Number of protein chains: 2
Amino acid sequence: MKFMHLADLHIGKTILEQSLIEDQEYMLNQILKIIEEEKVEIVLIAGDIYDRIVPSSESVELLDSFLNNLIKGLKVKVFIISGNHDSKERLNFGSKIFENDGLYIQTTYDGKIRKVQLEDEFGKLNIYMMPFVKPVDVKQYFKKEIKSYDDAFKYIMENENINQKERNIILAHQFITNCGIEPEQCESETLIIGGTENIDVSYFDKFDYVALRTYTWTSKNWKR
Amino acid sequence: MKFMHLADLHIGKTILEQSLIEDQEYMLNQILKIIEEEKVEIVLIAGDIYDRIVPSSESVELLDSFLNNLIKGLKVKVFIISGNHDSKERLNFGSKIFENDGLYIQTTYDGKIRKVQLEDEFGKLNIYMMPFVKPVDVKQYFKKEIKSYDDAFKYIMENENINQKERNIILAHQFITNCGIEPEQCESETLIIGGTENIDVSYFDKFDYVALRTYTWTSKNWKR
């Protein structure tokens, strides 16, 4: 099954009071074209769909049009998690109804990571949907002290039973850093990106593909 | 086919800075109970779903839950038009996808009134969905001078071909006044409710049922 991984659409973003909505519409139309040409069957969108907690009406309209084209036009399945810029409640609207049409939206963690199972000629494909969470959102589920994002994900992942005989994909919108098994070695990086939001990449070892938010590393700071 | 007519839910309304959301949740749950007990098959919601153009996240969540219960739980068909308090774009989100599940949302007039045709043992049942419009929203469709709401509806209705051998229902969210064929006779009423927004009831003569917004007449003013 061919999939495309998107993230950080940030629909409705403005730069220096200039709206990017026309550029974003152009970009999304290009994405639709690629999906059609490449015969993509699954689209993963790993958070920050909107740029604001309360998106503008034109942002809502643009996402609506994009999703309609994906679901009704191109008949692909779409998996969306909320990012730190999204409102859980707003992005979640209609999500239970949408699932009949192959549009899955997950905006909460409820003690287990939401798993959707698909199947193709190669067997089972599990899609885990982990929306952006803060430690405070998950501590009710674990009788353990959770001081950091890293603690939170340690317990979240310990609580999952990933069947490695099947293919597993996870969508997540956290800051994942690649510091091997000894995160204390990479103090410089953790200082730069704000430290406490880091989650060690090793927690995701059991997944075949991890669909994260997009950021690029530069020498001084993280940029989207 | 048994239907229920609702309007002016105004989800998220506050009175003297007091949120009514808990009362509204209670009310919507009572409505769900009645729909179940009475075996209602169609729910018409004639505008003003939300109280504000930008509804709060808890309002979005409450409507989401209500619609899920209607569509997924009670398996009724739901027809919604936008009112003057609703944002066309926000209320319209997902509407094309929802239709697979029997949830119809109409927020624009595009030159013809949207008609959805149902059928039961008594024959065809046409549901016309006319969202709230101002004269400026419709004048592009008619090569005539449109000075008032009444003008607008005159031309909108002349442009429709209602088959009176079938049953016809219309949802609308305008101020309809019952002044017979000579609206100039009822000057006192038109003055009281703002005059120019009035639409004469005679334009709706061909419909078997007109599902309007809710208002009650008092001697001095209109109240919802």
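Bear in mind that the values here come from a model prediction, so they are computed numbers and not experimental data.
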[atom1] of [X] to [atom2] of [Y]: how many Å apart, nearest 0.5 Å?
{"X": "A:Leu6", "Y": "A:Phe66", "atom1": "CG", "atom2": "CZ", "answer": "5.5 Å"}
{"X": "A:Ile176", "Y": "A:Ile199", "atom1": "CD1", "atom2": "CD1", "answer": "4.5 Å"}
{"X": "A:Leu118", "Y": "A:Ile42", "atom1": "CG", "atom2": "CD1", "answer": "5.0 Å"}
{"X": "B:Leu212", "Y": "B:Leu44", "atom1": "CG", "atom2": "CG", "answer": "11.0 Å"}
{"X": "B:Leu63", "Y": "B:Ile45", "atom1": "CG", "atom2": "CD1", "answer": "7.0 Å"}
{"X": "A:Ile113", "Y": "A:Ile156", "atom1": "CD1", "atom2": "CD1", "answer": "6.5 Å"}

Under 4.5 Å from a heavy atom of chain A, the part of B:Leu103 involved: side chain
Residue B:Ile71 versus chain A: region with a heavy atom under 4.5 Å: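 Contact with chain A involves the side chain of B:Ile71 alone.
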Greatest number of heavy atom pairs closer than 4.5 Å to chain B - which of A:Ile97, A:Val54, A:Val60: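 Sorted descending by pairs with chain B, the first entry is A:Ile97.
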Contacts of type ring pair (Phe, Tyr, Trp, His ring centres under 6.0 Å), residue A:Phe132, not counting sequence neighbours: none
Listing needed: what donor-acceptor pairs below 3.5 Å join chain B with chain A?
from	atom 1	to	atom 2	distance (Å)
B:Pro55	O	A:Arg90	NH1	2.9
B:Pro55	O	A:Arg90	NH2	2.7
B:Asp64	OD1	A:Gly94	N	2.5
B:Lys72	NZ	A:Asn100	OD1	2.9
B:Arg90	NH1	A:Pro55	O	2.9
B:Arg90	NH2	A:Pro55	O	2.7
B:Gly94	N	A:Asp64	OD1	2.5
B:Asn100	OD1	A:Lys72	NZ	2.9
B:Asn100	ND2	A:Asp101	OD1	2.5
B:Asp101	OD1	A:Asn100	ND2	2.5

